[in-house]
Amino acid sequence: MKEHSFFESVWEVVAKIPFGKVTSYGAIARYLSTPKAARMVGWAMNASHAAKLDIPAHRVVNRLGMLSGKQHFGQIDLMEDLLKSEGLIIKEDKIVNFEENYWDPLIELRVKS
DNA sequence: GGGTTGACGTGCC
DNA sequence: GGGCACGCCAACC
């Protein structure tokens, strides 16, 4: 039995992001009831990458839809390319159709009434 | 326990 | 929209 650290909780949410959808670090943080720990979400992405986990970190951007973490993908254009291949429109490190493809775990993973 | 870190967010200019 | 200062907090040393 493995303890669920904050990082693992983040990875669990990110892994549920559907193809072609994106969300923000803050949204994940809010979903985990720690809205002020949004920075940790980004750190968790870095940790997941280091741990070689299969986490779609490219689907997580900041609240402005900007590819703030692109420089952590090894190749600068990798994140942008991955998102483009999923139907997203990127212009100058920013997702143009961000709101259209925004996936909020608070809504999507909420227990439907 | 204390200082540093950080792929963020909010407020303000 | 861009830039800056500050806050926030889990993980790390």
Side-chain angles (χ1 to χ4, degrees):
Chain A
M1 190 70 170
K2 201 167 153 192
E3 299 176 9
H4 278 65
S5 66
F6 187 87
F7 283 9
E8 291 179 80
S9 298
V10 172
W11 300 334
E12 191 174 343
V13 176
V14 176
K16 291 178 181 176
I17 303 175
F19 183 93
K21 293 293 181 180
V22 291
T23 190
S24 66
Y25 305 97
I28 297 174
R30 286 196 301 266
Y31 176 74
L32 297 177
S33 302
T34 52
K36 304 304 176 55
R39 315 183 71 174
M40 307 313 305
V41 177
W43 198 354
M45 292 300 93
N46 191 11
S48 72
H49 199 266
K52 297 171 183 170
L53 298 176
D54 188 18
I55 301 296
H58 60 279
R59 294 178 188 151
V60 186
V61 296
N62 65 7
R63 78 177 187 85
L64 299 177
M66 296 168 72
L67 284 59
S68 53
K70 60 180 295 184
Q71 62 181 319
H72 292 269
F73 280 77
Q75 186 179 9
I76 295 299
D77 295 327
L78 180 58
M79 185 178 188
E80 178 177 337
D81 195 57
L82 286 171
L83 290 172
K84 282 183 177 178
S85 66
E86 297 191 3
L88 294 166
I89 303 172
I90 314 297
K91 189 178 177 89
E92 297 187 0
D93 299 340
K94 185 181 74 214
I95 302 176
V96 178
N97 54 350
F98 178 58
E99 295 186 6
E100 292 176 51
N101 299 284
Y102 184 69
W103 183 87
D104 191 339
L106 277 174
I107 299 174
E108 305 298 336
L109 297 181
R110 177 196 295 173
V111 179
K112 297 175 183 176
S113 55

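The sequence lines fix the lettering, A, B, ..., with proteins before strands; numbering per chain opens at 1.
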Looking at residues 14-29 of chain A, who's got a heavy atom less than 4.0 Å off DNA chain C?
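Here the set is empty: none.
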Of the residues in residues 61-84 of chain A, which ones touch DNA chain C at a heavy-atom distance under 4.0 Å?
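Those residues: none at all.
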Once side chain to side chain donor-acceptor pair (under 3.5 Å) is applied, do any residues pair with A/K94, and if so which ones, sequence neighbours excluded?
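Side chain to side chain donor-acceptor pair (under 3.5 Å) list for A/K94, sorted by chain: empty.
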Taking only residues two or more places apart in sequence or in another chain, which ones pass side chain to side chain donor-acceptor pair (under 3.5 Å) with A/K70?
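Once residues adjacent in sequence are excluded, the partners of A/K70 under the side chain to side chain donor-acceptor pair (under 3.5 Å) criterion are A/D93.
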Going through the checks in order, is the side chain to side chain contact (heavy atoms under 4.5 Å, CB included) test met by A/V61 and A/M79?
CA-CA 10 Å; A/V61 296; A/M79 185 178 188; 3.8 Å; yes
When you look at A/N97 and A/L88, which way does the side chain to side chain contact (heavy atoms under 4.5 Å, CB included) test go after all the steps?
CA-CA 7 Å; A/N97 54 350; A/L88 294 166; 3.9 Å; yes
Is there a path of hydrophobic side-chain contacts, each under 4.5 Å between heavy atoms, that joins A/M40 and A/V10?
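Yes, it is one cluster - the side chains of A/M40 and A/V10 are joined through contacts under 4.5 Å.
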Looking at side-chain heavy atoms only, is the closest gap between [X] and [Y] below 4.5 Å?
{"X": "A/E12", "Y": "A/E8", "value": "no"}
{"X": "A/L109", "Y": "A/W103", "value": "yes"}
{"X": "A/L67", "Y": "A/I95", "value": "yes"}

Can you list, in residue-number order, the parts of residues 51-60 of chain A that come under 4.0 Å of DNA chain B, counting heavy atoms only?
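A/A57, in order of number.
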Residues touching DNA chain B, which here means a heavy atom under 4.0 Å, drawn from residues 36-43 of chain A
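Residues of residues 36-43 of chain A under 4.0 Å from DNA chain B: A/A38, A/R39, A/M40, A/G42, A/W43.
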Separation of [Y] [atom2] from [X] [atom1] (nearest 0.5 Å):
{"X": "A/S24", "Y": "A/R30", "atom1": "OG", "atom2": "CZ", "answer": "5.5 Å"}
{"X": "A/W11", "Y": "A/K16", "atom1": "CH2", "atom2": "NZ", "answer": "15.5 Å"}
{"X": "A/L78", "Y": "A/Q71", "atom1": "CG", "atom2": "CD", "answer": "13.5 Å"}
{"X": "A/N101", "Y": "A/F19", "atom1": "CG", "atom2": "CZ", "answer": "11.0 Å"}

On DNA chain B, which is the earliest and which the latest nucleotide, 5' to 3', with an atom closer than 4.0 Å to a heavy atom of chain A?
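So the contact region on DNA chain B extends B/dT5 to B/dT10.
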Against A/P105, only a single residue in A/L32, A/V14, A/T23 fulfils side chain to side chain contact (heavy atoms under 4.5 Å, CB included); can you say which?
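Considering A/L32, A/V14, A/T23, a side chain to side chain contact (heavy atoms under 4.5 Å, CB included) with A/P105 is found only for A/T23.
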Under the side chain to side chain donor-acceptor pair (under 3.5 Å) rule, what pairs show up with a residue in residues 31-42 of chain A, not counting sequence neighbours?
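Side chain to side chain donor-acceptor pair (under 3.5 Å) check on residues 31-42 of chain A returns no pairs.
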Any pair with a residue in residues 72-86 of chain A that passes salt bridge (charged side-chain N to carboxylate O under 4.0 Å, His left out), sequence neighbours left out, goes on the list, sorted by first then second residue, please.
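Residue pairs passing salt bridge (charged side-chain N to carboxylate O under 4.0 Å, His left out), neighbours aside: A/R59-A/E86, A/E80-A/K84.
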Nearest heavy atom decides the nucleotide; on that basis, is A/R30 or A/A47 closer to the 5' end of DNA chain B?
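First, find each residue's nearest nucleotide; the 5'-ward one identifies A/A47.
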First and last nucleotide of DNA chain C, 5' to 3', lying under 4.0 Å from heavy atoms of chain A:
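Span of nucleotides near chain A: C/dG7 to C/dA11.
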According to ring pair (Phe, Tyr, Trp, His ring centres under 6.0 Å), does anything in residues 48-98 of chain A pair up with another residue at least two apart or in another chain? List the pairs.
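Listed by first then second residue: A/F98-A/Y102.
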Residues clustered with A/M66, ILVMFWY side-chain links under 4.5 angstrom
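The other cluster members (ILVMFWY side chains, heavy atoms under 4.5 Å, direct or chained) are A/L64.
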